[in-house]
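What follows is a single structure, written as structure tokens, with notes after it.
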Protein chains: 2
Amino acid sequence: MTRQRDVILQALADEEAFRSAQELYADLRTAGTPIGLATIYRALQTLADTGDVDVLRTESGEALYRRCGTRHHHHLICRSCGKTVEVAADAVEQWAHAVAKRHGFRDPAHTVEVFGLCRDCPDA
Amino acid sequence: MTRQRDVILQALADEEAFRSAQELYADLRTAGTPIGLATIYRALQTLADTGDVDVLRTESGEALYRRCGTRHHHHLICRSCGKTVEVAADAVEQWAHAVAKRHGFRDPAHTVEVFGLCRDCPDA
DNA sequence: CAGGGATTGAGAACCGTTATCACTATCGGC
DNA sequence: GCCGATAGTGATAACGGTTCTCAATCCCTG
């Protein structure tokens, strides 16, 4: 419903990259917004369930969240600064479907992420 | 190098699905093979670094491991029993590359997994 | 303004993973 | 064979992210 939940949505709305719960917590606290870590986790979980935010797992297992469009899409993510672009991939959808079918798998789903270095990030 | 590391490779060699470190630990112990959890994690990490096993993150953040072919491939995974098929996806590779280029991202990489229910698993 | 259900948040608990460190196995040279 | 160096092992402690607990609080309704 409301209040700190709006605060969280607000924080995500301004952000182009995926953020962790802990980052959001730190940012909000230093910005003077009193909020509990548990509340952030709860809100993010709810928002993820309703499809209002997308969730992504770091290589280290950490969960990252981002406000995204509601229609199906994938992400192109800068592995340095985190800048994220939503991309469509009709060809990939079809491929996934075909692969599943060919091997006798039904009810197919898929995860696809593309990583790279964006224009603004040095090679380092 | 050896001994318990061979044991771990052996345990993975027989297995078609991705397994967690904890599962391997439990299996080996109940099978009467004395081994430490730390050793398993170390071995899996090494094997992952050398490309001898593939790593996959559960939705809950747990790491799963599987002995796989060394050339580039993706996975078709049964979300019920875990049965896994390695699949090639040249079209997807090319798509990922093109998407990155179109948005000015360089040095592209990507993750692709397809999930479904295999022939042998009921709907439940 | 009172009652009641939902929400909050500090802290404890959890769980997978990694670090610590003493002990052990292995291997090359003598 | 025997020694010493080196790498590997494993019980346990520490860690880090996430979830749970529960008392305090908010907010709506009557």
Side-chain angles (χ1 to χ4, degrees), chain A residues 1-12 15 17-67 77 79 82 111 113, chain B residues 1-13 15 17-67 77 79 82 84 111 113:
Chain A
M1 283 77 177
T2 36
R3 204 3 262 305
Q4 15 290 82
R5 214 157 297 190
D6 280 349
V7 170
I8 293 168
L9 268 181
Q10 195 55 47
L12 284 171
E15 186 56 57
F18 279 83
R19 312 296 309 282
S20 73
Q22 311 263 358
E23 279 175 348
L24 289 172
Y25 177 67
D27 288 0
L28 289 173
R29 294 297 281 239
T30 60
T33 309
I35 195 168
L37 190 51
T39 303
I40 292 186
Y41 276 106
R42 266 187 303 244
L44 288 174
Q45 199 164 284
T46 303
L47 292 168
D49 287 347
T50 60
D52 289 309
V53 304
D54 278 11
V55 189
L56 177 61
R57 283 274 166 188
T58 295
E59 206 163 316
S60 72
E62 196 178 11
L64 302 180
Y65 304 85
R66 180 176 187 270
R67 191 128 181 50
I77 305 165
R79 70 168 67 89
T111 67
E113 315 288 348
Chain B
M1 282 79 178
T2 36
R3 204 1 264 302
Q4 15 289 83
R5 214 158 296 191
D6 281 349
V7 171
I8 293 168
L9 267 181
Q10 196 55 47
L12 284 172
E15 185 56 59
F18 279 84
R19 311 296 309 282
S20 73
Q22 313 263 358
E23 278 175 348
L24 289 173
Y25 177 67
D27 287 1
L28 290 173
R29 294 297 281 239
T30 60
T33 309
I35 195 168
L37 190 51
T39 303
I40 293 187
Y41 276 108
R42 263 188 306 245
L44 288 174
Q45 198 165 284
T46 304
L47 292 168
D49 287 347
T50 60
D52 289 308
V53 304
D54 278 10
V55 190
L56 177 62
R57 284 274 166 189
T58 295
E59 206 164 314
S60 73
E62 196 178 10
L64 303 179
Y65 304 85
R66 180 176 188 271
R67 191 132 182 44
I77 303 166
R79 70 168 69 91
T84 298
T111 68
E113 316 287 349

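Numbered from 1 within each chain, the chains take letters A, B, ... in sequence-line order. Fair warning: this is a prediction, and the values are worked out from it, not measured in the lab.
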*asked:* Using a strict heavy-atom distance below 4.0 Å, which residues from residues 33-58 of chain B are in contact with DNA chain D?
replied: B:P34, B:I35, B:G36, B:A38, B:T39, B:R42

*Whole angstrom value for the distance that separates P of C:dT17 from CD of B:E23*: 11 Å

*Grab the CD-P distance between B:Q22 and D:dG10 for me, whole Å please.*
16 Å

*Rounded to the nearest 0.5 Å, how far apart are CG of A:L56 and CZ of A:F18?*
5.0 Å

*B:D6 CG to C:dA25 P: how many Å, rounded?*
17 Å

*Roughly how far apart are B:E15 CD and B:T84 OG1, rounded to 0.5 Å?*
9.0 Å

*Just how far, in rounded Å, is P of C:dT8 from CG of A:L28?*
13 Å

*Can you tell if the side chain of A:L12 reaches within under 4.5 Å of the side chain of A:L24, non-hydrogen atoms only?*
yes

*Would you mind reading off the distance between B:R5 atom CZ and D:dG8 atom C1', rounded to a whole angstrom?*
7 Å

*Starting at atom OH of B:Y25, determine the distance to atom P of C:dT17, rounded to an integer number of angstrom.*
14 Å

*What is the distance from atom CG of B:D27 to atom CZ of B:R29, rounded to the nearest 0.5 Å?*
12.5 Å

*Between D:dT6 (C1') and B:R3 (CZ): distance, integer Å*: 19 Å

*Return the minimal non-hydrogen interatomic distance between B:L37 and B:A21, and the atom names on each side.*
CD1-O, 4.4 Å

_How many whole angstroms separate atom CG of B:L24 from atom C1' of C:dT17?_
14 Å

*So do B:Q22 and B:Y41 actually touch side chain to side chain, heavy atoms under 4.5 Å?*
yes

